[in-house]
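Because the structure is a prediction, the values reported are computed rather than measured.
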Amino acid sequence: MTKTTLTTSNRTFAPWVSPKPSVHLINLGCARNLVDSQVILGRLKQNGHRIVDIEHSDVAIVNTCSFIEDARRESVDVILDLIDLKEQGKIKKIIVAGCLAQRYGKDLVKELKGVDAFVGTLALDRDKFHPQVTLTAKHYAYVKICESCYNKCSFCAIPRIKGQFISRTIESVVEEIKQLDSRGVREINIIGQDITAYGMDIYKKKSLAELLKALILVTKNIQWIRLLYAFPAHVTDDLIDLIANEEKICKYIDMPLQHISDKMLRTMNRGMFQKGTLELVGKIKNKISHGSLRTTFIVGFPGETEEDFQELLNFVHKTRFERMGVFIYSKEEGTAADALPWRVPEKIKKQRRDILMNVQQEISKEAHRKFLGKTLKVLIDEKQKGEDGVYLGRSEFDAPEVDGLVYVYSSQRLRLGDFVDVRITDSLEYDLAGDVA
């Protein structure tokens with residue numbers, strides 16, 4: 001009898017034996033989780049398991065997220081739904097993987113009796129990449145270059161869940177990119193909790209720019225390389241210059257700033273204060289003047305006063321980020337912030353989030369109006385259902401599943417994964433629309 005194993009960061013679990021059951025996987029959380037899910041499915045497929053829809057599966061795997069309270073609640077709700085299916089006899093086994101299992105596995109074993117196994121998170125392989133079952137559209141892909149975070153922000157549990165920061169070698173990433181390029185992938189999204197710390201563990205220096213130069217040399221079909229999750233304290237001048245000058249790198253930086261008040265940044269342990277933040281944002285906007293800077297902020301962090309919030313609000317008004325998200329502070333067990341006093345009431349947290357997002361909505365409208373009458377290069381993602389001649393695409397300023405869309409009107413049939421020039425004729429708060437030029 002043969003066994004199939006899932007190797008995690010802290011154990012190896014053999015959840016079943018032959019004959020090999022069919023498997024369905026539910027992925028929750030961010031794109032980093034998505035890559036892990038693709039690796040899990042790739043290993044299972046190599047071992048002879050069929051990957052099927054839930055209604056045809058013997059085993060259901062859910063790759064969970066526990067980054068914030070809402071993510072934990074979603075994960076538990078999905079697990080409870082799967083337990084119901086198991087009790088109805090529609091599936092035979094349930095395996096819970098990922099951050100929730102890694103962080104709370106011992107407690108969950110007691111609470112969720114219908115689950116057959118908790119297997120934690122996958123360990124990142126530094127020296128090679130593993131075959132994956134693609135869960136995205138075929139023309140774009142996510143490539144994880146590092147795991148965990150080099151910084152230890154006081155509000156974040158990721159280092160406790162993921163362990164020590166680890167980078168993949170340049171050679172292993174290059175080999176993965178070459179394979180994706182040979183398959184006709186057009187867009188690569190470079191991901192990690194902190195991609196700007198890439199290489200600090202194995203090369204003893206920030207090496208993202210060096211990695212990107214190596215990737216550019218081996219890409220033919222890939223026309224866009226997008227960078228996601230840059231930690232501001234680790235952004236270097238050579239990286240900014242490379243983004244500004246290299247055609248294949250999207251003029252798009254996802255750089256969570258979290259706050260602008262020195263008091264908040266110090267309490268959050270962000271490693272950069274207001275002066276450095278303002279200098280960095282100014283440098284990016286100056287050198288990548290036609291780019292898109294996406295950021296996120298946290299409101300309601302312990303000790304955030306009305307003065308701190310007004311400082312943040314003024315910063316948002318003045319800086320006018322092209323893309324912005326706002327999180328309400330979530331109390332995370334075991335983090336340094338968990339022990340802080342001076343809690344902000346939930347009502348005030350929500351008010352502050354709504355104020356910021358209302359301001360951002362107007363800023364986004366204004367930013368999109370600047371594209372009217374201009375022609376943008378757009379990657380076609382899908383055909384609009386039920387409407388002939390209408391396609392959904394993205395410009396280089398929009399990351400998949402995160403940012404807005406470009407509604408593309410074309411009298412001729414377009415293929416998914418095509419790049420087309422689109423003349424923008426209409427703008428909304430977060431989306432654009434136009435005709436094929």
- Output for pair (Leu135 CG, Asn27 CG), nearest 0.5 Å, gives 6.5 Å
- CE (Met255) and OG1 (Thr295) are apart, to the nearest 0.5 Å, by 6.0 Å
- Task: Evaluate the side-chain proximity of Lys248 to Ile222: yes if any heavy-atom separation is below 4.5 Å, no if none is.
- Result: no
- Please confirm whether the backbone N or O of Ile94 pairs with a side-chain atom of Asp116, one donor and one acceptor, at under 3.5 Å? yes
- Query: So does Lys92 have more than 12 non-hydrogen atoms from other groups sitting under 6.0 Å from NZ?
  - Reply: no
- Thinking salt bridges, do Lys283 and Asp237 make one under a 4.0 Å N-O criterion? yes
- Are Pro232 and Leu257 side-chain neighbours, meaning at least one heavy-atom pair lies under 4.5 Å? yes
- Between Asp36 and Lys144, does a salt bridge (charged side-chain N to carboxylate O under 4.0 Å, His left out) hold up when you go through it step by step? CA-CA 9 Å; Asp36 289 345; Lys144 187 192 287 190; 2.9 Å; yes
- Query: Are the side chain of Ser207 and the backbone of Lys205 linked by a donor-acceptor contact shorter than 3.5 Å?
  - Reply: yes
- Does any N or O in the side chain of Arg320 come within less than 3.5 Å of the main-chain N or O of Ala367, such that one atom is a donor and the other an acceptor? no
- Query: Can we call the ring centroids of Phe327 and Phe155 under 6.0 Å apart?
  - Reply: no
- Message: Between Lys251 (side chain only) and Ile243 (backbone N and O only), is there a donor and an acceptor less than 3.5 Å apart?
- Response: yes
- Query: Should Ile363 and Val316 be marked as a side chain to side chain contact (heavy atoms under 4.5 Å, CB included) after you check the CA-CA gap, both sets of side-chain angles, and the distance that decides it?
  - Reply: CA-CA 9 Å; Ile363 293 172; Val316 170; 4.1 Å; yes
- Glu69 CD: over 12 foreign heavy atoms closer than 6.0 Å: yes
- Task: Show the numbers, then the answer: is there a side chain to side chain contact (heavy atoms under 4.5 Å, CB included) between Thr134 and Gln132?
- Result: CA-CA 6 Å; Thr134 303; Gln132 302 177 22; 5.7 Å; no
- Salt bridge present between Glu333 and Arg160 (N-O < 4.0 angstrom): no
- Query: Quick one: side chain to side chain contact (heavy atoms under 4.5 Å, CB included) partners of Asp421, sequence neighbours excluded?
  - Reply: Thr375, Lys377, Ala437
- Does a side-chain heavy-atom distance below 4.5 Å link Leu416 with Lys138? no
- Item | Contact list for residues 124-147, test ring pair (Phe, Tyr, Trp, His ring centres under 6.0 Å), sequence neighbours left out | none
- Residues which pass salt bridge (Lys or Arg N to Asp or Glu O under 4.0 Å) with Lys275, listed by chain and number, not counting sequence neighbours: Glu279
- Item | Shortest non-hydrogen separation from Glu311 to Ser261 and the atoms involved | OE1-CB, 3.8 Å
- Message: With a 3.5 Å distance limit and no angle check, can you tell me whether Glu332 reaches the backbone of Ile158 through a side-chain donor-acceptor pair?
- Response: no
- Contacts of Arg73 meeting side chain to side chain donor-acceptor pair (under 3.5 Å) (sequence neighbours excluded), chain-then-number -> Asp70
- Item | Atom CG of Asn358 with >12 non-hydrogen neighbours under 6.0 angstrom | yes
- Message: With a 3.5 Å distance limit and no angle check, can you tell me whether Arg186 reaches the backbone of Leu379 through a side-chain donor-acceptor pair?
- Response: no
- With no hydrogens and no angle check, is any side-chain donor or acceptor of Asp254 less than 3.5 Å from a backbone partner on Leu227? no
Throw together a table of side-chain donor-acceptor distances under 3.5 angstrom for residues 265-272, partners on residues two or more places apart or in other chains.
unit_1, atom_1, unit_2, atom_2, d
Thr267, OG1, Lys263, O, 2.8
Asn269, ND2, Lys152, O, 2.8
Arg270, NH2, Pro256, O, 2.6

- Give a yes or no answer on whether the side chain of His368 reaches the backbone of Leu428 with a donor-acceptor pair at less than 3.5 Å. yes
- ring pair (Phe, Tyr, Trp, His ring centres under 6.0 Å): pairs with one or both residues in residues 409-437, sequence neighbours excluded: Trp224-Phe419
- Query: What distance separates Cys30 SG from Ile191 CD1, expressed to the nearest 0.5 Å?
  - Reply: 7.0 Å
- Query: Quick one: side chain to side chain contact (heavy atoms under 4.5 Å, CB included) partners of Ser410, sequence neighbours excluded?
  - Reply: Tyr391, Gln412, Leu414, Val436
- Validation row: Val115, Leu108 side chains within 4.5 angstrom (heavy atoms): no
- Task: Decide yes or no for Ile284 and Ile240: does some side-chain heavy atom of the first lie under 4.5 Å from some side-chain heavy atom of the second?
- Result: yes
- Message: With rounding to the nearest 0.5 angstrom, report the OH to CG distance, Tyr407 to Leu392.
- Response: 6.0 Å
- Does a salt bridge link Glu401 with Arg394, judged by any charged N lying under 4.0 Å from a carboxylate O? no
- Task: Can you tell me which residue pairs pass the side-chain hydrogen bond (donor to acceptor under 3.5 Å, both in side chains) test with a partner in residues 51-63, sequence neighbours excluded?
- Result: Ser22-Asp58, Ser37-Asn63
- Is it true that Lys178 and Glu175 make a salt bridge, defined as a side-chain N closer than 4.0 Å to a carboxylate O? yes
- Task: Specify the closest pair of heavy atoms between Leu100 and Arg72, including all atoms of both residues, with the distance to one decimal.
- Result: CD1-CG, 4.0 Å
- Message: Is it true that, when you exclude Lys374 itself, more than 12 heavy atoms of the residues, nucleotides or ligands shown sit nearer than 6.0 Å to its NZ?
- Response: no
- Using the test side chain to side chain donor-acceptor pair (under 3.5 Å), find all partners of Asn314 that sit at least two apart in sequence or belong to another chain. none
- Step through the shown structure and confirm whether more than 12 heavy atoms of other residues, nucleotides or ligands are within 6.0 Å of CZ on Arg126. yes
- Task: Using the test side chain to side chain contact (heavy atoms under 4.5 Å, CB included), find all partners of Leu278 that sit at least two apart in sequence or belong to another chain.
- Result: Ile260, Gln274, Phe315
- Taking the side chain as every heavy atom from C-beta outward, state whether Ile190 and Leu215 have any pair of such atoms under 4.5 Å apart. yes
- Task: Tell me, please, which residues at least two apart from Ala399 pass side chain to side chain contact (heavy atoms under 4.5 Å, CB included).
- Result: Arg226, Leu228, Tyr252, Val402, Asp403
- dist Lys86:NZ -> Ile79:CD1 (nearest 0.5 Å) comes out at 12.5 Å
- Inter- and intrachain pairs under ring pair (Phe, Tyr, Trp, His ring centres under 6.0 Å), touching residues 166-217, at least two apart: none
- Item | Donor-acceptor pair, side chain of Arg168 and main chain of Ile145, under 3.5 angstrom | no
- Taking side chain as C-beta onward, heavy atoms only, is Ile188 less than 4.5 Å from Asp181? no
- Query: Can any side-chain N or O of Asn245 pair as donor or acceptor with the backbone N or O of Asp241 at less than 3.5 Å?
  - Reply: yes
- Item | Flag if over 12 foreign heavy atoms under 6.0 Å of NZ, Lys90 | no
- 4.5 Å side-chain heavy-atom contact, Cys153 and Phe231: yes
- Message: Please report the interatomic distance CD1(Ile216) to CD1(Ile225), rounded to the nearest 0.5 Å.
- Response: 5.0 Å
- Crowding at NZ, Lys383 (>12 non-hydrogen neighbours, <6.0 Å): yes
